[in-house]
Amino acid sequence: MIDNYNIYISTVFGLESVVKKECEALGFKDLKVSNSKIEFVGSQRDIVKANLWLRSAERVYIKLLEFKALTFEDIYENVNNFDWENYLSENGKILVSGKSLKSKLYSISDNQAITKKAIINRLSKKYDKSWFDETDEEYKISISILNDIATVRLDTSGVGLHKRGYRTKQNEAPMKETLAAALIQISNWNKKSDFIDLFCGSGTIPIEAALIAKNIAPGISRSFDFINWKFFDKNIYKEEKINAYNSINDKDVKIIGFDIDKKAIEIAKENAVNAGVDEYIKFVVKDVKDVGLQNNFATVISNPPYGERIGEKKDLEKIYNAISKITKKYTTLSFYFITSDGDFERKINMKSDKKRKLYNGRIEVNYYQFYGPSILDLLGG
């Protein structure tokens, strides 16, 4: 078994610092952070922990190769000289994907085909055979070429890490679980005060808040590609999964999700049951203008309707008016709103303490942060 691997964690642009903090909390060392990725050298146990515990990352890869690629021969020679027999099984299903940007080798399909050919030829010499059934476990390999530098990676996660497994149903325009978790981690929520979502939809933000508060690993109920790999020590995964179950705390937490859509609330309740956190979340069908809160230092994080999501301009004005009234009435609460509406502050007549640019899918959004006072502030300490 190989002792150490070049671990490559992909992130959504703008969330690198959030994922870095998560990596540091897991004990990963010597992190190299750049646009949309974090890299470090780690063990199989680190790969398991990253997949189980990272809340805001996209995928966990093993970076196998990096080389200059100006010709197809460059791809073939580098890939063919790699020790694929230490990673791939004889009849594993090899799936090659590709990307190319600002590079001489711009034909993605050709890059993929040459990579696959080089891998098969290497394995042919190892196993002394020219045909492979590829009927066993999957190995997803990617070759990405940026500025003529090729990077070959093996995807350990399988489906993206945002697929926790609890969201079997969803309403329109759902937010990724990974982004919802990031919004919570960016906020000042202390996991003790109340947590509120005024526009909860199918419940993603409240459910992620419950998972964080209860210290439930986001990947605890799903599968990963590495589980079936021949070279991967299955005992490590079993041990880390047991550790994850033992890490769940017994703290009580109060989380409330409001939404005007009764169907969305029904979906949210079902998703919370699937996530095992339904007893910690109260979902309520209610128009935001009718929501009553308390000045109890709660944290509010919401993704209010905007633009194409709302349709009627008058309805949008009513929503913004309600948000404005709530933020001014409940002065001890901290409010966080994510929206693509660049005029949001003016429309609710309130200047945010901080604004952060993020991406909700391919939509550029701003995360507006309005900080309420802490109890220490009020006590003069």
Side-chain angles (χ1 to χ4, degrees), residues 1-11 19-20 22-32 37-66 79 81-97 119-120 122-123 125-127 132-142 151-165 211 215-248:
M1 186 175 75
I2 299 171
D3 292 330
N4 290 300
Y5 302 84
N6 293 315
I7 300 174
Y8 179 118
I9 296 169
S10 62
T11 75
V19 178
K20 181 188 177 185
E22 290 191 73
C23 287
E24 290 171 340
L26 290 171
F28 304 152
K29 306 292 185 183
D30 300 322
L31 304 174
K32 297 178 182 178
K37 64 181 179 181
I38 296 172
E39 299 180 74
F40 64 98
V41 175
S43 63
Q44 286 193 4
R45 192 173 297 278
D46 293 331
I47 292 171
V48 175
K49 289 168 69 175
N51 276 291
L52 277 174
W53 282 101
L54 289 180
R55 299 183 187 277
S56 298
E58 293 298 295
R59 291 176 186 270
V60 180
Y61 297 91
I62 299 172
K63 187 169 82 171
L64 303 175
L65 288 163
E66 193 166 84
V79 174
N81 287 330
F82 185 73
D83 55 346
W84 292 100
E85 60 275 9
N86 291 333
Y87 293 85
L88 313 182
S89 67
E90 185 172 348
N91 289 310
K93 187 175 183 180
I94 302 169
L95 305 171
V96 181
S97 62
I119 294 171
I120 294 298
R122 170 78 184 205
L123 296 178
K125 295 176 183 176
K126 170 67 178 177
Y127 295 111
F132 295 89
D133 293 332
E134 294 192 57
T135 54
D136 292 346
E137 71 283 0
E138 289 187 353
Y139 297 88
K140 296 185 182 75
I141 296 161
S142 64
T151 303
V152 180
R153 300 171 299 180
L154 177 59
D155 183 355
T156 73
S157 302
V159 297
L161 294 181
H162 69 282
K163 296 282 189 179
R164 317 289 207 216
L211 293 176
N215 200 38
I216 299 173
I220 202 167
S221 298
R222 55 159 285 174
S223 185
F224 306 97
D225 275 9
F226 70 80
I227 295 170
N228 300 311
W229 292 347
K230 298 292 193 293
F231 76 91
F232 217 94
D233 188 342
K234 292 177 176 57
N235 288 324
I236 294 175
Y237 174 65
K238 291 177 182 177
E239 291 167 5
E240 288 303 322
K241 194 162 185 178
I242 290 171
N243 289 340
Y245 275 111
N246 291 336
S247 296
I248 300 172

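Here, residue 1 is the first one in the sequence, and each next residue gets the next number. From a predicted model like this one, the values you see are computed outputs, not experimental measurements.
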In Lys126, Arg122, Lys230, the residue satisfying salt bridge (Lys or Arg N to Asp or Glu O under 4.0 Å) with Glu85 is Arg122
How would you list, by chain and number, every residue that makes a side-chain hydrogen bond (donor to acceptor under 3.5 Å, both in side chains) with Arg59, sequence neighbours excluded? Asp155
Drop me the distance from Ile47's CD1 to Ile62's CD1, to the nearest 0.5 angstrom. 4.0 Å
For the atom pair CH2 (Trp229) and CD (Glu137), what is the distance rounded to the nearest 0.5 Å? 9.5 Å
Examine distances only and state if a side-chain atom of Glu22 and a backbone atom of Ser56 form a donor-acceptor pair shorter than 3.5 Å. yes
Can you confirm whether more than 12 heavy atoms, excluding those of Lys241, are under 6.0 Å from its NZ atom? yes
Mind checking the OG-CD spacing from Ser247 to Glu240? Nearest 0.5 Å is all I need. 9.0 Å
Taken in chain and number order and not counting sequence neighbours, the residues that satisfy side-chain hydrogen bond (donor to acceptor under 3.5 Å, both in side chains) with Glu24 are none
Within a 6.0 Å radius of atom NZ on Lys234, are there more than 12 heavy atoms belonging to other residues, nucleotides or ligands? yes
Nearest heavy-atom neighbours spanning Val19 and Ala57: CG2-N, 3.9 Å
With sequence neighbours excluded, residues passing salt bridge (Lys or Arg N to Asp or Glu O under 4.0 Å) with Asp225: Lys140
What's the shortest heavy-atom distance between Leu65 and Val79, and which atoms? CD1-CA, 3.9 Å
Residue list, ring pair (Phe, Tyr, Trp, His ring centres under 6.0 Å) with Phe226, at least two apart or on another chain: Phe224, Phe232, Tyr237
Lys37: which residues meet the salt bridge (Lys or Arg N to Asp or Glu O under 4.0 Å) condition with it, sequence neighbours left out? Glu39
Output all residues satisfying side-chain hydrogen bond (donor to acceptor under 3.5 Å, both in side chains) with Tyr61, sequence neighbours left out; order by chain, then residue number. none
About how many Å separate CG of Asn246 and CG of Asn215, when rounded to the nearest 0.5 Å? 11.5 Å
Would you please name every residue forming a side-chain contact (heavy atoms from CB on, under 4.5 Å) with Ser43, sequence neighbours left out? Arg45, Asp46
Begin with the C-alpha distance, continue with both residues' side-chain angles, and end with the deciding distance and a verdict on side chain to side chain contact (heavy atoms under 4.5 Å, CB included) for Phe231 and Asn86. CA-CA 7 Å; Phe231 76 91; Asn86 291 333; over 6 Å; no
Under 3.5 Å, is there a donor-acceptor pair between the side chain of Lys20 and the main chain of Leu31? no
Between CD1 on residue Ile94 and CG on residue Leu123, distance to nearest 0.5 Å: 5.5 Å
Those residues that, when tested against Arg164, pass salt bridge (Lys or Arg N to Asp or Glu O under 4.0 Å) (two or more places apart): Glu208
Would you give the length of the straight line joining atom CG of Asn51 to atom CD1 of Ile220, rounded to the nearest 0.5 angstrom? 13.5 Å
Cys23 to Ile9 - nearest heavy-atom pair and separation: SG-CD1, 3.7 Å
Set of ring pair (Phe, Tyr, Trp, His ring centres under 6.0 Å) partners for Phe82, sequence neighbours left out: Trp84, Tyr87
Are the side chain of Gln44 and the backbone of Ile236 linked by a donor-acceptor contact shorter than 3.5 Å? no
Who pairs with Asp30 by side-chain hydrogen bond (donor to acceptor under 3.5 Å, both in side chains), at least two apart in sequence or on another chain? none
Suppose we screen for salt bridge (Lys or Arg N to Asp or Glu O under 4.0 Å). Which residues come up paired with Arg222, at least two apart in sequence or across chains? none
Check step by step if side chain to side chain contact (heavy atoms under 4.5 Å, CB included) holds for Ile7 and Thr156. CA-CA 10 Å; Ile7 300 174; Thr156 73; over 6 Å; no
Evaluate the side chain to side chain contact (heavy atoms under 4.5 Å, CB included) criterion for residues Arg55 and Leu211: first the C-alpha distance (whole Å), next the side-chain angles of each, then the deciding distance (0.1 Å), finally the verdict. CA-CA 10 Å; Arg55 299 183 187 277; Leu211 293 176; 3.8 Å; yes
For the residue pair Asn91 and Thr135, confirm or rule out a side-chain donor-acceptor distance under 3.5 Å. no
For Trp53, the ring pair (Phe, Tyr, Trp, His ring centres under 6.0 Å) test, sequence neighbours excluded, returns none
Could you go step by step and tell me if Glu239 and Ile242 meet the side chain to side chain contact (heavy atoms under 4.5 Å, CB included) rule? CA-CA 5 Å; Glu239 291 167 5; Ile242 290 171; 5.9 Å; no
